[in-house]
Amino acid sequence: MFYRESGQFKSSYKEDMQAFPIREDKIGIAVWLLLAYLYVPFFGLPGLEYGFALNAIMIPVLIFTITTIGLNILVGYTGQISLGTAAFMGVGAYSCYKLTSYFPDVNIIILIFSSGFFAAAVGALFGLPSLRIKGFYLVVATLAAQFFLEWCFIRIGWLYNFNPSGAIEVPQREAFGFIVTGAAAEPVTRYLVVLTILIFLTIIAGNLVRGRIGRSWMMIRDMDIAAELIGVRPLTTKLSAFAVSSYYCGVSGALMVFMWLGAAEVESFDVNHSFLYLFMVILGGLGSITGSYMGAAFIWTFPLVLKEIGKVFEINPTVMENVSLVAIGVMIVFILIKEPHGLARLWQLGKQKLRIWPFPH
Amino acid sequence: MGSFIYSVLGDPFVQMLQMPDFLMQVVWEGFVSGILYALIALGFVLIFKASGIFNFAQGIMVVFSGLTLVGLHELGVPAFLALFITLGVMYVLAFSVERLVLRNLVNQPDIILFMATIGLTNILIGLGQWIFGGETKSMITEQLWLPTGSSVWEPGGGLVIFQHIDIAAAVIAALLIICLALFFSKTKVGRALRAVADDHQASLSVGISLNHIWVITWFAAGIVALVAGIMWGARSDVSFSLQIIALKALPVLVLGGFTSVPGAIVGGLIIGIGEKLFEIYWGPLFGSGIEGWFAYVIALIFLLFRPQGLFGEKIIERV
């Protein structure tokens, strides 16, 4: 009734292949954007305290969405499983930190974007083994990246300017006349910066996976030998997937430290976080950008919701933490059994149902 | 530059020759931790051979079994009864994993199964912390009649200390491996297991129940995990950080080959001894703490040259 494509005719290939071919989808996106830009900055989230809504929910979810999109490019679109995500985020964060100390006057946004390139280079380097191995062997290779980089973050003092605490602390920086990083930055400013970067990166990722590169990634995922036969080069395709994925992870790592945490140690980039991001990808949906949003939002907010429920029923918070661990594990297994394409697929099914509603036959 | 080359290629060896007793101590320590890596890797290999599943949860199974044992004992259950109950718990775990997870995921791509075991890891971590608490516990070594003291051996004026628990760990691991080998080669179930490992469809056609076999392999892996948990717990403590260390079984597998039991053992020993030697003699050059990644980097280099591992059966697919 509200969502159907009858009467919307496409008369050219270009129209048919556009990102949102259905009018209702365009309206839906516009509504989401309006809410994100006009409602949240002024009112936060309904029913939640304003600062909490921005600092504890919106900003981390948006940042993790960037990570999830990046990891999804690698795992979901190219089929190369990686457990080094957190370390690649760390590369982004530490290189952004170094860049701010070398170029204190440059716009911080530019530095955040350029720190992604360092992560991309490191990611491509550790992606090299993927040319000879795949599957579980690649897991070992990415774990090597994870543990090696973690060690670098601890042992190489130059990376954190020989700070005795071993942490990187975010200095105050301005962009376009606003303070965007450091303790003095308003949550709203940080939220808007992160949101804009996320939307920008989403547009790029969406077009990448629709275009030639993305199609060759998917070919490599579905059948590498056939892909090679029809002229997709595994070398460039796999390495570009690693590089783009790590770029996204690097940018999100830099954002995580600069826009959210304010200071970070190596614990923020340990292997457990890598698992967390993989869960976001699996639960949201392998090979789906919409799914990346859902997965990140779900995995991040679910423990918070459980914590609140625990408070209502006066259950010990550590118990609730463990309950959420178990529940997320159960959900991962359940999703893999019932719907291997995750929440994104459920969303799609829902839209499908809506299209033929109220006469499903 | 010259001094750097000397400190890489010369100095460590001079140190080794000057203090042979210390070298022996290092090698012994590495040997024992290598055995424990090998035990964890063995659990991986058992499951991988029987079902082609890369069981990421093996590391947490080690922690979980150790925690169950200690936790039960804390509740006042006698040590050996607790051991039996833990075995029962591992059986229930194997059974429910087969019934609830594996059976529903038959014919899915390997990577999906792998991710399901990551989910399983999360469940076990949560359950373990929920039931037994997240704090570090010490293993009930004496109650299980495991030796605790240490002996000193003085070869030519040197000094090498052998912890009795380490010797016991080596002996028990050897016994366990012999038992497993006998079980695989002499019993009917063992032959069925090997048949399944060889060819799923052919073994189905001669009347072997795959589901049944999977329960048995997961139970066997659970027993191996319990032994590894006891031994590791006795050497250090039972804590959840063990799970990260247990991930080192992965490079061990890459070195030894995913389907080879002797490979797991040899790989474990190489990694164990190699990383201790490297940490002690070359570590100061890099700043210490290289134990954390040394094994992985070795495995990475190994993968580039011999992807099937030392004893792997077939060359894995190259792309």
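Proteins get letters first, then strands, A, B, ... in listed order; numbering begins at 1 in each. The model shown is predicted, which means the values in this text are computed figures rather than measured ones. In what follows, every heavy atom counts, from backbone to side chain, and hydrogens, waters and symmetry copies are set aside.
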Next on the checklist: Heavy-atom cut-off 4.5 Å, strictly under: side chain, backbone, both or neither for L100(B) against chain A?
Outcome noted: backbone
Checklist entry - Of all of L120(B), L300(B), L124(B), which one pairs up most often with chain A through heavy atoms under 4.5 Å apart? => result L300(B)
Item to check | N72(A) side chain to S292(A) side chain, donor-acceptor N/O pair below 3.5 angstrom | outcome: yes
Item to check | Side chain / backbone / both / neither for F275(A) at chain B, heavy atoms under 4.5 Å | outcome: side chain
Checklist outcome for this item: Answer key: most heavy-atom pairs under 4.5 Å with chain B among L336(A), I154(A), V271(A), I335(A) is L336(A)
Checklist entry - Which atoms of F279(A) come close to chain B, meaning under 4.5 Å heavy atom to heavy atom: side chain ones, backbone ones, both, or neither? => result side chain
Next on the checklist: Quick check on I156(A) against chain B: is it the side chain, the backbone, both or neither that has a heavy atom closer than 4.5 Å?
Outcome noted: neither
Checklist entry - For S240(A) and W217(A), does a side-chain donor sit closer than 3.5 Å to a side-chain acceptor? => result yes
Next on the checklist: Under 6.0 Å between ring centres: does that hold for F242(A) and F126(A)?
Outcome noted: no
Checklist entry - Which atoms of D270(A) come close to chain B, meaning under 4.5 Å heavy atom to heavy atom: side chain ones, backbone ones, both, or neither? => result neither
Next on the checklist: Between W293(B) and F147(A), does the ring pair (Phe, Tyr, Trp, His ring centres under 6.0 Å) criterion hold? Intermediate values first, please.
Outcome noted: CA-CA 5 Å; W293(B) 52 264; F147(A) 287 109; over 10 Å; no
Item to check | No-hydrogen, no-angle side-chain donor-acceptor test under 3.5 Å, K98(A) and N161(A) | outcome: yes
Checklist entry - Once the angle between the rings of F56(B) and F114(B) is folded into 0 to 90°, is it parallel (under 30°), tilted (30 to 60°) or perpendicular (over 60°)? => result perpendicular
Checklist entry - So what's closer than 4.5 Å to chain B heavy atoms on L149(A): side chain, backbone, both or neither? => result neither
Item to check | L127(B) versus chain A, the contacting section by heavy-atom distance below 4.5 Å | outcome: both
Item to check | Ring centroid separation F44(B) to F54(B) under 6.0 Å | outcome: yes
Item to check | Atom group of V333(A) that falls short of 4.5 Å from chain B, counting heavy atoms | outcome: side chain
Checklist outcome for this item: Cut-off 4.5 Å, heavy atoms of chain A, and the answer for A116(B) is both
Item to check | Which atoms of I118(B) approach chain A - backbone, side chain, both or neither, heavy atom under 4.5 Å | outcome: both
Checklist outcome for this item: Answer key: most heavy-atom pairs under 4.5 Å with chain B among I332(A), I282(A), I81(A) is I81(A)
Next on the checklist: Quick test of your reading of the model: are E279(B) and K276(B) salt-bridged, counting only N-O distances below 4.0 Å?
Outcome noted: no
Checklist entry - For the rings on F298(A) and F302(A), is their centre-to-centre separation under 6.0 Å? => result yes
Item to check | Heavy-atom proximity to chain B below 4.5 Å, by part of L235(A) | outcome: neither
